[in-house]
Protein chains: 2
Amino acid sequence: MDDDQVFKALADSTRRHLLDRLFERDGRTLTELESELEMTRFGVMKHLRVLEDAGLVVTRREGREKLHFLNPVPIRLVHDRWIDKYTEHRVAALADLKHQLEETA
Amino acid sequence: MDDDQVFKALADSTRRHLLDRLFERDGRTLTELESELEMTRFGVMKHLRVLEDAGLVVTRREGREKLHFLNPVPIRLVHDRWIDKYTEHRVAALADLKHQLEETA
DNA sequence: ATCTTACGTGACCAAAAGGTCACATGTCAA
DNA sequence: TTGACATGTGACCTTTTGGTCACGTAAGAT
């Protein structure tokens, strides 16, 4: 769960998309995640490996399947690196505002 | 302030170091930030440009100097993408625990 | 036993990113 | 106005990364 691995893992849009899918619903298999993407199984597997090495995804084997789960803790640590407790309220309010503006747009 | 630009900007350790410096104290110039790094001015300038394009750093010209300021809002948006309000408390508690463990280690 | 399904590895290639340099513009001071 | 300082641009090279493929292992179904 090294710093650099986390940030590098988040830098690719395909990997972020995979995290989005797991955020919607956990416990998916490689095959299931692959079916949604315009990419070979090998590409998706590589991406999942990067996410797992970074600690953003944890896995559990179930027979011949491998189930993938999202781990949000490293993302919170990213947050805490540049947002201290004193400014968090103000920044969170600005972020909420942005979310609302995007909903109505 | 595009998604991809933010994540790509955070993916490099030199750029994260620059954000750390600005987190400590805002309003630094290129020359000041350069002096702390084992890199030519041109490299640092490129990195600052990437951070600025991503919206993580905002700047103001002051005569022949350019002052750099940290903008934490995009980082909060990263947080909100995969940590909803319901799980935030639990995850924040885990992250705090990790911070404490690192202090005593 | 054998066939299918699901995951895994290493080599390989093309595209993107990090870093440096020659050269250039604008600003302040004497 | 001359010189020093602070920032800026485009070309260039090297390293890293994203993606595919041939080949391989292992678990469930028939």
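With a 4.5 Å cut-off on side-chain heavy atoms, A/L19 and A/V57 count as touching. Side-chain contact between B/L22 and B/L18 is absent, with no heavy-atom pair separated by less than 4.5 Å. At least one side-chain heavy atom of A/R81 sits under 4.5 Å from a side-chain heavy atom of B/D20.
A/G63 comes within 4.0 angstrom of the backbone, heavy atoms only, and of no base.
Ionic pairing of B/E24 and B/R21 is present here: one or more N-O contacts between side-chain nitrogen and carboxylate oxygen are shorter than 4.0 angstrom.
Across the protein-nucleic acid pair, A/R64 atom CZ and D/dA26 atom P stand 15 Å apart, rounded to whole Å. Across the protein-nucleic acid pair, A/M45 atom CE and D/dG24 atom P stand 15 Å apart, rounded to whole Å. Summarising the geometry, the separation between CD on A/E65 and P on C/dC7 is reported as 6 Å, rounded to the nearest angstrom. The nearest whole Å value for the distance from the CE atom in B/M39 to the C1' atom in C/dC21 is 15 Å. When the C1' atom of C/dG8 is taken as reference, atom NE2 of A/H68 falls 12 Å away, rounded to whole Å. Whole-Å rounding puts the A/R49 CZ to C/dG8 C1' distance at 9 Å. Going from atom CD of A/E34 over to atom P of D/dT20 covers 10 Å, rounded to whole Å. Between B/L33 atom CG and D/dG8 atom C1' the separation is 16 Å, expressed in whole Å.
Judged by distance alone with a 3.5 Å cut-off, no donor-acceptor contact links the side chain of B/R41 to the base of C/dG19.
Side-chain N/O atoms of A/T31 include one lying less than 4.0 angstrom from OP1 or OP2 on C/dC7. Proximity of B/K66 to the phosphate of D/dG8: a side-chain N or O atom is located under 4.0 Å from OP1 or OP2. Note on B/R61: a side-chain N or O is less than 4.0 Å away from OP1 or OP2 of D/dG8. Between D/dG19 and A/K46, no contact under 4.0 Å exists linking OP1 or OP2 to a side-chain N or O. For C/dG19, the OP1/OP2 oxygens have a side-chain nitrogen or oxygen of B/H47 closer than 4.0 Å. An OP1 or OP2 oxygen of D/dG18 is reached within less than 4.0 angstrom by a side-chain nitrogen or oxygen of A/R15. Proximity of A/T40 to the phosphate of D/dT20: a side-chain N or O atom is located under 4.0 Å from OP1 or OP2.
Nucleotides of DNA chain D nearest to B/F42 and A/D4 differ in position, and the one nearer the 5' end is that of B/F42.
Residues A/T59 and A/E52 have side chains that bring a donor and an acceptor to within less than 3.5 angstrom of each other.
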